Amino acid sequence: MSPQPTLSWQKSSHSSEASSCVYLAVAPDTTLRLRESDEPHIVLHAGRAALAALIAAFKEGEAEA
């Protein structure tokens, strides 16, 4: 099994400074990786289209609230 690549994580501009920050990184295979500061060992893998659909669903949920 090959070692995991070192990723360059970027914090979401919508995350607060204190806690519960969301981070995003682009993997060498161009898939996107997401993690939360409270549980950084749990990493979600997504393609660009899947992430765009997830963000659109969140935005739609906010508009309905």
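Nothing fancy with the numbering, it's 1 onward along the sequence. None of the values given here were measured: they were computed from a predicted structure.
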Validation row: Ser37, Tyr23 side chains within 4.5 angstrom (heavy atoms):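 Side chain of Ser37 against side chain of Tyr23, heavy atoms only: contact under 4.5 Å found.
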Say you draw a straight line from [atom1] of [X] to [atom2] of [Y]; how long is it, rounded to the nearest 0.5 Å?
X	Y	atom1	atom2	answer
Ile42	Leu34	CD1	CG	12.5 Å
Leu7	Leu32	CG	CG	11.0 Å
Arg35	His45	CZ	NE2	11.5 Å

Worked verdict on Thr31 versus Val26 for side-chain contact (heavy atoms from CB on, under 4.5 Å): CA-CA 6 Å; Thr31 60; Val26 179; over 6 Å; no
Over all atoms of both residues, closest heavy-atom pair of Ser8 and Ala25: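 Nearest pair, atom of Ser8 first, then Ala25: O-CB, 3.6 Å.
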side-chain contact (heavy atoms from CB on, under 4.5 Å) between Trp9 and Val43, worked out: CA-CA 11 Å; Trp9 293 97; Val43 179; 3.9 Å; yes
Residue pairs involving residues 20-29 (criterion salt bridge (Lys or Arg N to Asp or Glu O under 4.0 Å); sequence neighbours excluded):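 For residues 20-29, and leaving out neighbouring residues, the salt bridge (Lys or Arg N to Asp or Glu O under 4.0 Å) pairs sorted by first residue read Asp29-Arg33.
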